[in-house]
Amino acid sequence: MIKLEHVYKYFSQNKAAVADVSFEVRPGEILVLLGTSGSGKTTTLRMINRLEEPDKGNIYVNGKLTRDQSPEQLRRGIGYVLQDNGLFPHYTVAENIAVVPRLLEWEEERIDQRTNILMEKLHLPPAEYRDAYPNRLSGGQQQRVGLARALAADPPILLMDEPFGALDPVTRASVRNEFRALDELNNKTVILVTHDVTEAFELGDRIGLMDQGVLQQLGTPAELLFTPANDFVRAFFKDQHLLLELKSLSLADLKPYLPPTAETDHYQPHVLPGTISAWDALQRTMGIEGVISVDFRTEVYTMDSRSLMTALSVYKQTAQAHGTTTKL
Amino acid sequence: MEPQQSFSDFLQQESGKLLEQTLQHIGLTFISLLIAVLIGLPLGILITRRKKLAGLVLGIAGILQTIPSIALLGFMIPLLGIGAKPAIVALFLYALLPIIRNTYTGINEVNPSVTDAAVGMGMNRKQLLYRIQLPLAMPVILAGIRTATVINVGVATLAAYIAAGGLGEFIFGGIALNNTNMILAGAIPAALLAVLFDGLLSLLQRIQLRKARKAVYVLPVALLLLSSFYLLPPAYGSRLLAGFTPEFMGRRDGDLGLRAVYGLQIRTVVINDMIMYKAAYEKKIDVISGSSTDGRVKAFDLAVLDDDKHIFPPYYAAPIVRQSTLDKYPELEPALNKLSGTINDSIMTELNYRVDHLKQDPARVAKDFLVAKQLWKPARGGTKGTIRIGSKIFGDGYILANMYKMLVDGYTDLQAITKTGLGGTKICFDALLNDQIDLYPEYTGTGLLVILQAPQPTIDSLIGYKQKVYDHVSRAFLQQYGIKWLNPIGFNNTYALMMRRQQAATLNIRSISDLKEYLER
């Protein structure tokens with residue numbers, strides 16, 4: 001879908017802002033580019049829709065070299081969300097959302113329908129907000145309009161540059177949850193840039209950790225945590241390691257290390273699905289006496305918080321012993 | 001004295017002219033503004049894209065802005081002649097800087113994340129400019145246009161100096177004629193226009209952003225409409241074009257007399273005295289209201305038309321002196337009277353020619369003349385007192401003031417200093433009246449018509465007779481102001497209509513009556 005091959009970008013002569021970055025994003029995947037400011041993650045993102053031109057290397061979108069496509073045509077097929085939303089202050093909410101469909105010369109009726117659908121989905125009642133100007137909206141609402149604008153023409157690819165970065169933590173969490181639940185994102189290929197580790201772990205199918213213009217490691221959250229490629233990657237997650245481990249692993253991942261259940265026939269009042277993260281499972285065990293059933297569809301396990309933590313430490317030992325980066 | 005005409009009477013009487021001048025003024029302001037917008041806006045946009053050019057373009061526009069307006073108009077004359085063209089170009093140059101600068105600033109100040117988003121959405125340069133940058137920069141650009149408009153309304157008054165019309169005709173005519181009503185009739189509408197357009201544009205600026213998008217279309221239409229005022233056809237046309245000074249336009253012994261007594265109907269533009277002769281020489285205008293002893297009559301080979309119906313009163317020059325000064329220093333009067341009867345019209349024209357055209361120093365010309373007449377004596381270096389000699393800004397005044405200084409220095413123990421260049425009659429006479437100067441050379445006709453503002457019957461009874469005019473002003477000045485007219489110097493610097501000698505000969509025009517006949521033929 002999107003492929004970068006040995007891409008370099010220089011803003012000054014001696015220091016590369018992006019150096020030898022290569023990766024491929026699979027269709028329908030959410031790839032998070034994670035890093036501190038100045039790590040080159042935003043520049044990498046902006047080279048994909050040609051807001052920056054790479055000095056060296058190739059970038060392919062939909063199998064075609066981006067530099068062979070007209071930048072305007074390329075960009076109209078890629079949704080783009082910015083940190084401080086970049087809404088047009090002289091356009092109403094509806095007009096903001098309709099920018100790309102208008103550029104693509106859709107019929108007005110179709111634009112209207114599409115705008116209303118998106119506004120409903122993003123909890124912006126059209127009756128109330130269609131004709132409002134962005135300065136009347138809260139930060140969270142503005143960011144949702146920004147997202148709706150990026151999704152308006154239903155592009156297969158979405159580039160998001162710190163999309164929740166300008167929001168306060170509470171709003172950020174709620175907008176992020178909405179984002180995760182949004183059906184519009186099914187089958188979209190998303191590249192999201194953030195400096196927020198938790199955000200990366202919550203949203204990313206895979207995470208590319210960047211530092212000083214170099215892609216340090218690209219892998220699933222679990223791979224970055226349990227088999228870091230170098231010291232930088234290891235150090236980067238050190239502070240929140242346990243939290244991230246719990247968030248990155250699902251109960252299914254830990255299943256081999258959970259104690260087998262003796263009996264499955266006696267009734268357990270609490271049942272968890274096997275797909276939830278260990279973090280969520282742990283939260284659910286709080287304040288519950290005794291054990292909880294875990295439903296893995298084919299079989300049912302029981303566990304409590306102690307057996308969950310034991311399973312986690314065995315998982316880590318096994319992962320380090322194997323040295324592999326595949327989910328066990 | 002005739003009772004002072006009230007301001008509203010004046011407005012009523014001159015309403016046609018006032019309307020015409022106001023429309024011309026608006027037209028001048030907005031034609032130049034329109035051109036400035038048409039050029040400044042794209043230039044401002046260009047330098048947002050080529051930042052290297054920005055310093056250069058803004059620098060040049062800034063330098064143009066600092067050139068004094070009179071000087072800029074002066075530069076325009078050799079290039080573009082007189083009339084609307086140089087005025088519009090000068091005004092255009094003044095309007096340019098605020099428009100370029102505000103366009104540049106306005107576009108640069110658009111929130112970068114907004115332009116980034118627009119580009120990221122897939123807008124091309126043109127879409128970005130028209131949909132995002134211009135609408136968002138519009139309040140700032142309008143502020144620039146607003147500044148330019150106010151500047152132009154002000155500077156457009158100076159257009160009257162170069163025959164381009166506008167409210168400056170009243171203002172400068174009024175200053176020249178010592179007519180406050182006339183000054184106000186020009187100044188008040190000009191000020192009102194500035195306030196009005198400033199207000200309208202500030203309204204436009206404050207309109208909601210959404211509507212500002214429409215302002216992009218309203219503005220050019222409004223500009224075009226207002227510009228077209230200047231192109232309204234003149235009330236009448238004629239084969240020859242006259243260029244008269246603002247002062248001449250408003251005088252009974254000027255344009256008013258030409259119409260009333262001769263019935264002369266000629267297409268007329270108002271023009272500054274400084275450039276009138278040259279404009280005639282360069283065939284920009286055909287008939288001018290010169291003064292008969294001006295050096296440029298000789299320099300530009302002009303022919304004076306005979307005033308066969310005697311509408312121009314005698315303008316015999318004589319020094320007028322404060323009586324209190326004469327009482328204090330009785331030796332002053334005989335010294336000043338040494339010049340009496342020594343300079344006739346052709347001598348004065350010759351002297352003026354040397355100063356105005358050959359660019360000789362007035363002091364040297366004065367000395368050469370006195371030496372030739374054996375009147376010159378070296379200065380005694382007296383310390384008895386100081387005599388302040390004034391003069392108007394015309395050639396005559398400079399030379400005469402210098403001669404009087406030499407006579408006072410040479411024949412008395414007084415020391416003379418000159419204060420030349422005191423503008424027109426009003427400024428000189430006020431200075432004399434208020435004891436800022438002791439004497440200056442004045443003309444009998446000016447004294448009668450401009451200073452005394454004698455009633456029409458008195459004028460009619462005196463006007464043909466030089467001695468009667470002199471006697472009348474002598475008596476009246478002493479009584480009313482305590483100012484004494486000394487003996488006339490000899491020359492008559494009267495108003496005169498003049499044409500290029502060759503054209504006058506070809507058309508066989510020798511007098512004003514001939515001119516009228518030719519125009520009606």
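Just so it is clear: chains get the letters A, B, ... in the order the sequence lines come, proteins before strands, and each one is counted from 1. Scope of the values below: all heavy atoms of this structure, side chains included, with no hydrogens, waters or symmetry mates.
Within the 4.5 angstrom heavy-atom criterion, no atom of B:Asn111 approaches chain A.
In A:Asn186, the CG atom is crowded: over 12 heavy atoms of neighbouring residues, nucleotides or ligands sit closer than 6.0 Å. By the 6.0 Å contact criterion, NZ on B:Lys52 is open, its count of non-hydrogen atoms from other residues, nucleotides or ligands being 12 or less.
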(request) Evaluate side-chain hydrogen bond (donor to acceptor under 3.5 Å, both in side chains) for B:Asp116 paired with A:Tyr80, printing each intermediate quantity in order. (result) CA-CA 10 Å; B:Asp116 205 43; A:Tyr80 182 45; 3.3 Å; yes
(request) Start with the C-alpha gap between A:Thr171 and A:Asp168, add the side-chain angles, then the distance that decides, and say whether side-chain hydrogen bond (donor to acceptor under 3.5 Å, both in side chains) holds. (result) CA-CA 5 Å; A:Thr171 315; A:Asp168 62 83; 2.6 Å; yes
(request) Show the numbers, then the answer: is there a ring-ring contact (aromatic ring centres under 6.0 Å, His included) between A:Phe164 and A:Phe179? (result) CA-CA 10 Å; A:Phe164 314 113; A:Phe179 174 73; 5.6 Å; yes
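Checked by atom type, the side-chain pair B:Asn108/B:Lys51 shows a donor-acceptor distance below 3.5 Å.
With salt bridges taken as basic N to acidic carboxylate O contacts below 4.0 Å, one links A:Arg176 and A:Glu199. A salt bridge between A:Arg172 and A:Asp196 is present, with a side-chain N of the basic residue lying under 4.0 Å from a carboxylate O of the acidic one.
Residues of residues 23-42 of chain A never come closer than 4.5 Å to chain B when only heavy atoms are counted. Within residues 98-117 of chain A, the residues that have a heavy atom under 4.5 Å from a heavy atom of chain B are A:Val99, A:Val100, A:Leu103, listed by number.
In terms of heavy-atom pairs under 4.5 Å with chain B, the best-connected choice from A:Asn85, A:Val81, A:Asn49, A:Asp84 is A:Asp84. Listed options A:Gln73, A:Arg50, A:Arg76 were ranked by heavy-atom pairs under 4.5 angstrom with chain B; first place goes to A:Arg76.
Taking the six-membered ring where the residue is Trp, A:Tyr8 and A:Tyr10 present parallel rings, their angle staying beneath 30° rather than reaching 60°.
Listed for the B:Gln65 side chain is no donor-acceptor partner under 3.5 Å among the backbone atoms of B:Gly62.
A cation-pi contact, defined as under 6.0 Å to the ring centre and within 45° of the axis, is absent between B:Arg125 and B:Tyr130.
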